[in-house]
Amino acid sequence: ANRLITDGLSALCFAPTEGSRQNLLKENISAEKIFVTGNTVVDALFMARNKITSDAKLSAEFEQRFSFLDSEKKLILVTGHRRESFGQGFDNICDALLELSKRDDVEILYPVSYTHLTLPTKR
């Protein structure tokens, strides 16, 4: 509800994807107010990847520091730090990760901050 009120009052709306833009249009937000900016987390990952792969020294450091990663597998980077991920949302994330972990072609990297170590998790 707060987002809907804020969007309606905002002079500009910044949507991470075209799909998000379409959602705002369906909510009668004027097209002139909406700017698709991209997903900053995904954009930062691509920027970091490009920086690492274009610098031999940085690439070697990365490979040494993260030698536990298998470059032949697809990497699933999990972020579950948002409040809406807590409770049932977090349970759903864990269920999905458990299912994905059964695949041979993927590995899962889930950085967890110390503040999240107190949350109940499925083992």
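Owing to the predicted nature of the structure, the values given are computational and were not obtained by experimental measurement.
Within 6.0 Å of CD in Gln22 there are more than 12 heavy atoms belonging to other residues, nucleotides or ligands. With a 6.0 Å radius and a threshold of 12 heavy atoms from other residues, nucleotides or ligands, Lys33 has its NZ atom above the threshold. In this structure, Glu18 places its CD atom where more than 12 heavy-atom neighbours from other residues, nucleotides or ligands lie under 6.0 Å away. Other residues, nucleotides and ligands contribute over 12 non-hydrogen atoms within 6.0 Å of the NZ atom of Lys73.
Going from atom CD1 of Ile52 over to atom CE of Met47 covers 10.5 Å, rounded to the nearest 0.5 Å. Note that the CG atom of Leu24 and the OG atom of Ser30 stand 11.0 Å from one another [nearest 0.5 Å]. Between the CG atom of Leu45 and the OG1 atom of Thr40 there is a distance of 10.0 Å, given to the nearest 0.5 Å. Summarising the geometry, atom CG belonging to Asn92 is positioned 11.0 Å from atom CG belonging to Leu97; distances are rounded to the nearest 0.5 Å. Distance check, rounded to the nearest 0.5 Å: CG of Asp55 to CZ of Phe62 gives 13.0 Å.
Taking 4.5 Å as the limit, every side-chain heavy atom of Ser20 sits out of range of all side-chain heavy atoms of Ile34. Proximity of Asp91 to Cys94: side-chain heavy atoms (C-beta onward) are nowhere separated by under 4.5 Å. Contact check for Leu109 versus Phe68: side-chain heavy atoms found under the 4.5 Å cut-off.
Scanning all heavy atoms of the two residues, the minimum distance from Val78 to Tyr110 falls at O-CD2, 3.5 Å. Minimum interatomic distance between Asn50 and Thr53 (heavy atoms only, all atoms of both residues): O-OG1, 3.3 Å. In terms of heavy-atom proximity, Thr37 sits nearest to Asp43 at O-OD2, 4.1 Å. Here the closest heavy-atom approach between residue Leu25 and residue Ile29 is recorded as CD2-O, 3.5 Å.
A donor-acceptor contact closer than 3.5 angstrom is absent between the side chains of Asn23 and Glu27.
Taking hydrophobic clusters as Ile, Leu, Val, Met, Phe, Trp and Tyr residues chained together by side-chain heavy-atom distances below 4.5 Å, Phe66 shares a cluster with Leu58.
The backbone N or O of Ala56 lies less than 3.5 Å from no partner atom in the side chain of Ser59, so there is not a single donor-acceptor pair.
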